[in-house]
2 protein chains.
Amino acid sequence: MSKVTINDIAKNANVSKTTVSHYLNGRYKAMSIETKERISSAIEVMDYSPNVVAKSLKNKKTMTIGIIVANILHSFSTQIIRSIEDYAHEEKYHVIVCNSDNDPVKEKNYIQMLLAKQVDGMVVIPTWNNDALFSRLAEDKYPAVFIDRFIETVKIPSFMLDNTVAIKTAFVHLMDKGHREIGFVSQPAAEIPPRKERQDEYKALCVQHGVEKFIVAGELKAIERNLDQAVKKDKLPESLIVANDLALFEVLKAVKAHDLKIPRDLSVISIDDVDFAEFFNPAITVVAQPSFKIGTEAAHTLFGIINGEEYEIETHRFKPELIERESVTDYGNE
Amino acid sequence: MSKVTINDIAKNANVSKTTVSHYLNGRYKAMSIETKERISSAIEVMDYSPNVVAKSLKNKKTMTIGIIVANILHSFSTQIIRSIEDYAHEEKYHVIVCNSDNDPVKEKNYIQMLLAKQVDGMVVIPTWNNDALFSRLAEDKYPAVFIDRFIETVKIPSFMLDNTVAIKTAFVHLMDKGHREIGFVSQPAAEIPPRKERQDEYKALCVQHGVEKFIVAGELKAIERNLDQAVKKDKLPESLIVANDLALFEVLKAVKAHDLKIPRDLSVISIDDVDFAEFFNPAITVVAQPSFKIGTEAAHTLFGIINGEEYEIETHRFKPELIERESVTDYGNE
DNA sequence: TTGTAAGCGTTATCAC
DNA sequence: GTGATAACGCTTACAA
């Protein structure tokens, strides 16, 4: 493979490698048509293609960026990656994909390796405990953007759903349909901003509207268990706001296990549109986040930074969209 | 970022860069404890980390591999990528992810760019028309493996589902349950081996068992349209074998649109387990393919090749697994 | 035990 | 218009 270098081309075409390099980089302007052709045919014949690693060393530009997500298996991450890869492809960049598994240690390791590989920029769904590292990146003006989460103290622009509005949209929709028992299901809020924001807004809304709080928050298994308990004790509320797709899976499993009927026995509204929402029985009403838009804007900003444009360090909030389907009963507005 | 080089460390520690290099590469054996400490503290203080690009240029090893899938949004591809990234991470490798969109031109471009970037190996779900390129890779003994598809004439090992067995499993299951009208839904078989294999086996089975063929094959939109027609003309068979997840989505949409009841009005068995199969109403009976196993074995072989091990150029076939759920009526075995 | 120097495949500066 | 030559940051004989 590609053992042929610019030197071989130079020899074969009877010119210096400088000239070949000029040719390769489109500095034709003042090159005799003859040499041009000798070079081009040498390249053709010897099947030469430039070594990008050498080029990168010289140019200090690798034409690749890193993406660190929690887990590529989550559809949100997949969509983010796809939108960013598309943008990168346009810019003739490649993307290195990493799974942090929400593990700060793994994340840190990835960041350091990516930097060592001299990637020109990074987009990351950050975990926690790496604030210092991120801050150093920010100080060094290293091109980086966050997605889905932000870190209070770190000066890196962030692109994420307006979680407050998302929960409010769901809550208000339920209220509009006459619901007064509204529960909330989520993975542990802990250190993860979007989860925390969603849960906090739910609580605030409960207080504001005099709705009794019913929160199931825990790891997937715990959700399943708690839901199970609630059903058995007949303590399940009329309706549930489900904080994301994974939590929704658990809810739907519990519903099936107990042979509940949505929306008769339970109304469900989920944050995150899932691929089956539309043809599920019943179709799931959802507050969707614009993943592709988020990814694309993040990429846009990142490449802006890479190309030396000015940018604001701010948190960009994206508006969710309510998609009404069949999983919420209409009790009539009282 | 990382503007500090091995030279700076050498100066700061009052040694030559050779010594630093030795230190970095763990050639401690015969190094005075003193120098060792001077170096280590210099590294600490100056926050040095080696430039992998320079290292790659010298070593002819980039510690990164490329993955080309049709579209990362398909869950099979996502799972393959995840399993390969895991394996790569173990080996201290990174992965560059590319979407070919089943476009041979895009694919070719990616392959060439990846090679130019000197990636140490590639795993690809190949399209078509690039046989010559792949053959050159094979001849050059460039480390590469195929997934999900193979190319007849190309000497690159391939890892894929045993499609024949998968279809037979589905077909026989249906027969066992007393079905005699068995249809088949797929995207266009065209140039894509797994699709073709599945469809061919279906046809063969029809002949063998005297079952009348009913095939809906086309792009997603066409599937929807044709299904629609069939329902309206009351020509839908008792049961449908659905060739993959995307086709399944269309079937499920049609079912919902026409308010059909599975499995009363129609039995469905799908190739590919989908995340919602378990808690769908009804739960979907499925012939699952072991994506993670496929990905992991492919990675295993790829890294074997990279590490210079001998390998067979063969097509590795993986056995599917029938997961019986609720979407197939039992008419009783006649 | 440590240092000198050449080389990996490019690009860039500056001559000619 | 074209070509030496140094440089990018690292590794590795080979020397000392």
Side-chain angles (χ1 to χ4, degrees), chain A residues 1-40 42-43 46-64 92 112-113 115-120, chain B residues 1-40 42-43 46-64 112-120:
Chain A
M1 205 78 275
S2 211
K3 308 235 28 149
V4 22
T5 80
I6 199 173
N7 264 311
D8 302 318
I9 300 300
K11 269 175 212 150
N12 188 294
N14 247 300
V15 292
S16 77
K17 51 185 193 165
T18 308
T19 310
V20 179
S21 178
H22 282 157
Y23 174 86
L24 289 171
N25 294 290
R27 283 186 279 275
Y28 294 136
K29 32 193 178 193
M31 186 154 19
S32 85
I33 222 169
E34 270 222 320
T35 30
K36 243 191 313 199
E37 269 176 0
R38 284 214 312 284
I39 294 174
S40 114
I43 289 176
M46 308 185 75
D47 189 28
Y48 165 75
S49 101
N51 181 324
V52 173
V53 172
K55 194 188 284 213
S56 294
L57 178 58
K58 189 86 246 250
N59 290 344
K60 297 173 165 336
K61 222 165 179 312
T62 53
M63 303 300 280
T64 112
K92 303 207 177 312
Q112 292 173 333
M113 290 309 301
L115 291 175
K117 277 200 178 157
Q118 315 293 121
V119 300
D120 297 336
Chain B
M1 203 80 276
S2 209
K3 306 237 29 152
V4 23
T5 80
I6 199 173
N7 265 312
D8 302 318
I9 300 299
K11 268 175 214 151
N12 187 294
N14 247 300
V15 292
S16 78
K17 52 184 194 167
T18 308
T19 310
V20 179
S21 177
H22 282 157
Y23 174 86
L24 290 171
N25 293 291
R27 284 186 277 275
Y28 294 136
K29 32 193 178 194
M31 185 153 28
S32 85
I33 222 169
E34 271 220 319
T35 29
K36 245 193 310 200
E37 270 175 0
R38 285 212 312 283
I39 294 174
S40 114
I43 289 177
M46 308 187 73
D47 188 30
Y48 166 74
S49 102
N51 182 323
V52 174
V53 172
K55 193 187 282 209
S56 294
L57 179 57
K58 188 86 246 246
N59 291 344
K60 293 168 170 336
K61 225 166 176 311
T62 52
M63 303 300 280
T64 113
Q112 291 173 332
M113 289 310 300
L114 288 173
L115 291 174
K117 277 200 178 157
Q118 315 293 122
V119 300
D120 297 337

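This one's a predicted model, so the numbers in the text were calculated from it and none came from an experiment.
How far NZ of Lys55(A) is from NZ of Lys117(B): 11.0 Å, rounded to the nearest 0.5 Å. Separating the CG atom in Asn25(B) from the NE2 atom in His22(B) is a distance of 8.0 Å, to the nearest 0.5 Å. Note: Ile6(B) CD1 to Ser49(B) OG = 11.5 Å, rounded to the nearest 0.5 Å.
In this model, the phosphate group of dT10(C) is approached by a side-chain N or O of Tyr48(A) to a distance below 4.0 Å at OP1 or OP2. Side-chain N/O atoms of Lys17(B) include none lying less than 4.0 angstrom from OP1 or OP2 on dT4(C). For dC8(D), the OP1/OP2 oxygens have no side-chain nitrogen or oxygen of Asn51(B) closer than 4.0 Å. At the phosphate of dG1(D), neither OP1 nor OP2 sits under 4.0 Å from any side-chain N or O atom of Lys36(A).
Of the candidates dT2(C), dT11(D), dT2(D), the closest approach to any side-chain atom of Thr19(B) belongs to dT2(C). With dG3(D), dC10(D), dT11(C) as the choices, the nucleotide that has an atom nearest any side-chain atom of Ser16(A) turns out to be dG3(D). Considering only side-chain atoms of His22(A), the nucleotide from dC10(D), dT11(C), dT2(D) that sits closest is dT2(D). In the set dT1(C), dG9(C), dT11(D), the nucleotide with an atom closest to the side chain of Ser32(B) is dT1(C). Nearest to the side-chain atoms of Asn59(B) among the listed nucleotides dT12(D), dG9(D), dA6(D) stands dT12(D).
Looking only at atom types and distance, the side chain of Thr19(B) has a donor-acceptor partner in the side chain of Ser16(B) under 3.5 Å away. A donor-acceptor contact closer than 3.5 angstrom links the side chains of Ser32(B) and Thr35(B).
In terms of position along DNA chain C, the nucleotide closest to Val15(B) lies nearer the 5' end than the nucleotide closest to the other residue of the pair Thr18(A) and Val15(B). Ranked by how close their nearest DNA chain D nucleotide is to the 5' end, Leu57(B) and Arg27(B) are led by Leu57(B). The nearest heavy atom of DNA chain C to Ala54(B) and to Thr35(B) marks one nucleotide each, and the one closer to the 5' end goes with Thr35(B).
Atoms NZ (Lys117(A)) and C1' (dC10(D)) sit 16 Å apart, rounded to a whole Å. The interatomic distance linking Gln118(A) (CD) with dC10(D) (P) rounds to 9 Å, in whole Å. One can place CD1 of Ile6(A) at 14 Å from P of dC8(C), the figure rounded to the nearest angstrom. When the P atom of dG3(D) is taken as reference, atom OH of Tyr23(A) falls 16 Å away, rounded to whole Å. Remark: C1' of dC10(D) and NZ of Lys60(A) are 12 Å apart, rounded to the nearest angstrom. Atom pair Asn25(B):CG and dA13(D):C1' shows a separation of 15 Å (rounding to whole Å applied). Across the protein-nucleic acid pair, Asp8(A) atom CG and dT10(C) atom P stand 9 Å apart, rounded to whole Å. Look at NZ on Lys58(B): it is 10 Å from P on dG9(C), rounded to the nearest Å.
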